[in-house]
Amino acid sequence: MAVIVPNQSVLLIDDDASIREIVQACLSDLAGWKVKTVASAQEALNWLGSERPDVILLDILMPGMDAVTFLQRLRASYLTQTIPVILLTVQARWYSPQQLQQLSVIDAIAKPFDPVTLSEQIAQALERSH
């Protein structure tokens, strides 16, 4: 069982308002984490100009800047290149460990997810990545 650290900070990037609301509620209420949600990759990059979360949850399918471009920009910056990223996507099962490594992400969590166990899934992914 993974250790859920209180006050962990999470940045969720997802264009679906209902997903943002559910993730924010379950991670802040059940795990005591600080959650920032944004609707686009560009909004996330703007926010990351001044803030550093402990982990980023990233939806793959978004309008505007796609997730691959976002990851390239994230990894190109000295300030953000080491922030762990977890994909939160309906396509999670499509990614092999090698593909995740090529994208520089530590895991992929499938939508729909279990809100009760989401924080534990994130904590397990973070433990495995160290």
Side-chain angles (χ1 to χ4, degrees):
M1 187 165 151
V3 176
I4 297 175
V5 179
N7 295 320
Q8 185 112 305
S9 61
V10 178
L11 172 61
L12 170 65
I13 308 165
D14 198 307
D15 61 316
D16 185 328
S18 61
I19 294 290
R20 291 194 308 270
E21 191 176 307
I22 292 166
V23 170
Q24 175 144 28
C26 66
L27 294 182
S28 59
D29 295 348
L30 298 176
W33 290 352
K34 294 177 273 187
V35 181
K36 168 69 175 174
T37 65
V38 295
S40 72
Q42 187 58 57
E43 191 179 349
L45 289 173
N46 295 344
W47 185 80
L48 288 165
S50 61
E51 301 288 334
R52 296 293 166 273
D54 295 313
V55 63
I56 295 172
L57 299 179
L58 175 64
D59 184 21
I60 285 286
L61 301 173
M62 292 184 296
M65 184 188 311
D66 68 349
V68 173
T69 303
F70 170 79
L71 288 165
Q72 290 169 342
R73 291 191 184 172
L74 184 77
R75 298 305 177 217
S77 170
Y78 164 75
L79 297 172
T80 58
Q81 62 189 208
T82 61
I83 300 171
V85 176
I86 298 171
L87 301 180
L88 187 63
T89 177
V90 294
Q91 299 175 337
R93 290 174 190 83
W94 296 1
Y95 292 94
S96 69
Q98 294 79 16
Q99 289 169 313
L100 293 175
Q101 187 176 17
Q102 287 173 343
L103 289 171
S104 298
V105 299
I106 61 171
D107 203 357
I109 296 173
K111 288 180 189 174
F113 52 85
D114 180 346
V116 175
T117 61
L118 181 61
S119 59
E120 186 163 324
Q121 286 180 280
I122 295 167
Q124 287 173 348
L126 289 169
E127 280 183 7
R128 285 191 307 268
S129 72
H130 292 305

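Start at 1 with the first residue, then count along the sequence. What's counted below: heavy atoms across the whole structure, side chains too, no hydrogens, waters or symmetry copies.
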Quiz prompt | Gln98 and Ser96: side chain donor to acceptor below 3.5 Å | solution =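 A pair is found: one side chain offers a donor N or O, the other an acceptor, under 3.5 Å apart.
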Approximate separation, where rounding is to 0.5 Å, of [X] [atom1] and [Y] [atom2]:
{"X": "Leu27", "Y": "Thr37", "atom1": "CG", "atom2": "OG1", "answer": "11.0 Å"}
{"X": "Met65", "Y": "Gln72", "atom1": "CE", "atom2": "CD", "answer": "10.5 Å"}
{"X": "Gln121", "Y": "Asp107", "atom1": "CD", "atom2": "CG", "answer": "8.0 Å"}
{"X": "Thr89", "Y": "Met62", "atom1": "OG1", "atom2": "CE", "answer": "9.5 Å"}
{"X": "Glu127", "Y": "Ile106", "atom1": "CD", "atom2": "CD1", "answer": "10.5 Å"}

Flag the pair [X] / [Y] as yes when at least one side-chain heavy-atom distance between them is below 4.5 Å, and no otherwise.
{"X": "Asp59", "Y": "Ile19", "answer": "no"}
{"X": "Gln124", "Y": "Ile109", "answer": "no"}
{"X": "Asn46", "Y": "Val38", "answer": "no"}
{"X": "Gln99", "Y": "Leu103", "answer": "no"}
{"X": "Arg73", "Y": "Gln42", "answer": "yes"}

Of all heavy-atom pairs between [X] and [Y], which one has the smallest distance, and what is that distance?
{"X": "Ala123", "Y": "Trp33", "result": "N-CH2, 4.4 Å"}
{"X": "Leu74", "Y": "Ile83", "result": "CD2-O, 4.5 Å"}
{"X": "Ile22", "Y": "Pro115", "result": "CG2-CG, 4.3 Å"}
{"X": "Val35", "Y": "Ser28", "result": "CG2-N, 4.2 Å"}
{"X": "Arg75", "Y": "Thr80", "result": "NH1-O, 3.6 Å"}
{"X": "Ala44", "Y": "Phe70", "result": "CB-CE1, 3.8 Å"}

Exercise. Could you tell me which residues satisfy side chain to side chain donor-acceptor pair (under 3.5 Å) with Ser104, sequence neighbours excluded, listed by chain and number?
Key: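 Not a single residue meets the side chain to side chain donor-acceptor pair (under 3.5 Å) criterion with Ser104.
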Self-check item: Qualifying residue, where the test is side-chain contact (heavy atoms from CB on, under 4.5 Å) with Val105 and the options are Leu58, Ile86, Leu87
Solution: Leu87
Pairs under 3.5 angstrom only: tabulate donor-acceptor contacts from the side chains of residues 5-15 to other protein residues two or more places apart or in another chain.
residue: Ser9; atom: OG; partner: Asp54; partner atom: N; Å: 2.9
residue: Ser9; atom: OG; partner: Asp54; partner atom: OD2; Å: 3.2
residue: Asp14; atom: OD1; partner: Asp16; partner atom: N; Å: 2.8
residue: Asp14; atom: OD2; partner: Lys111; partner atom: NZ; Å: 2.6

Quiz item: Near Glu51 CD, under 6.0 Å, is it more than 12 heavy atoms from other residues, nucleotides or ligands?
Solution: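 Yes.
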Quiz item: Same cluster for Leu48 and Leu79 if Ile/Leu/Val/Met/Phe/Trp/Tyr side chains link at under 4.5 Å?
Solution: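 Shared cluster, no.
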Quiz item: Going only through I, L, V, M, F, W and Y residues with side-chain contacts under 4.5 Å, is there a path from Leu30 to Phe113?
Solution: no
